[in-house]
Amino acid sequence: MNALDRMRAWFKREGSEVRDAWEGARDRADAELSRKEAQLNETPEEAMERIQGEIRQGEDSFDELRGRISSSGGGDGQPEPARAEPPIEPEKKD
């Protein structure tokens, strides 16, 4: 009976983990659906403001990343020139 009790406990633990994961996924999907519904109900002016805000956030993230790269000694902010790879020579068959 001891092995059976351990198996039951294991199934209960695993079941609760699966249930928690399912609830988390459901909550994220509900939030995403609510966000999409709100976007569908926006006026054109509201949609423009939202899109412009998203663009500003993207630009801010890009500027922050550029600053982190330059402050870490990653160069002067200019991309490195592309380097040509040496050609691969075919193997000689005897």
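In this structure, CG in L33 is found 14.5 Å from CZ in R28, a value given to the nearest 0.5 Å. D63 CG to E59 CD: the interatomic distance, rounded to the nearest 0.5 Å, is 7.0 Å.
Checked against side-chain contact (heavy atoms from CB on, under 4.5 Å), A47 has the following partners two or more places apart in sequence or in another chain: E42, R50. Under the side-chain contact (heavy atoms from CB on, under 4.5 Å) criterion, E32 pairs with R35, K36, not counting sequence neighbours. Legend: residues meeting side-chain contact (heavy atoms from CB on, under 4.5 Å) with T43, ordered by chain and number and at least two apart, are E45, E46.
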Please tabulate, for side-chain N and O atoms in residues 7-20, each donor-acceptor pair with protein atoms closer than 3.5 Å (sequence neighbours left out).
from, atom 1, to, atom 2, distance (Å)
S16, OG, K12, O, 3.4
S16, OG, R13, O, 2.8

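Here I51 sits in one hydrophobic cluster together with I55; the rule is ILVMFWY side chains under 4.5 Å apart, joined directly or through other members.
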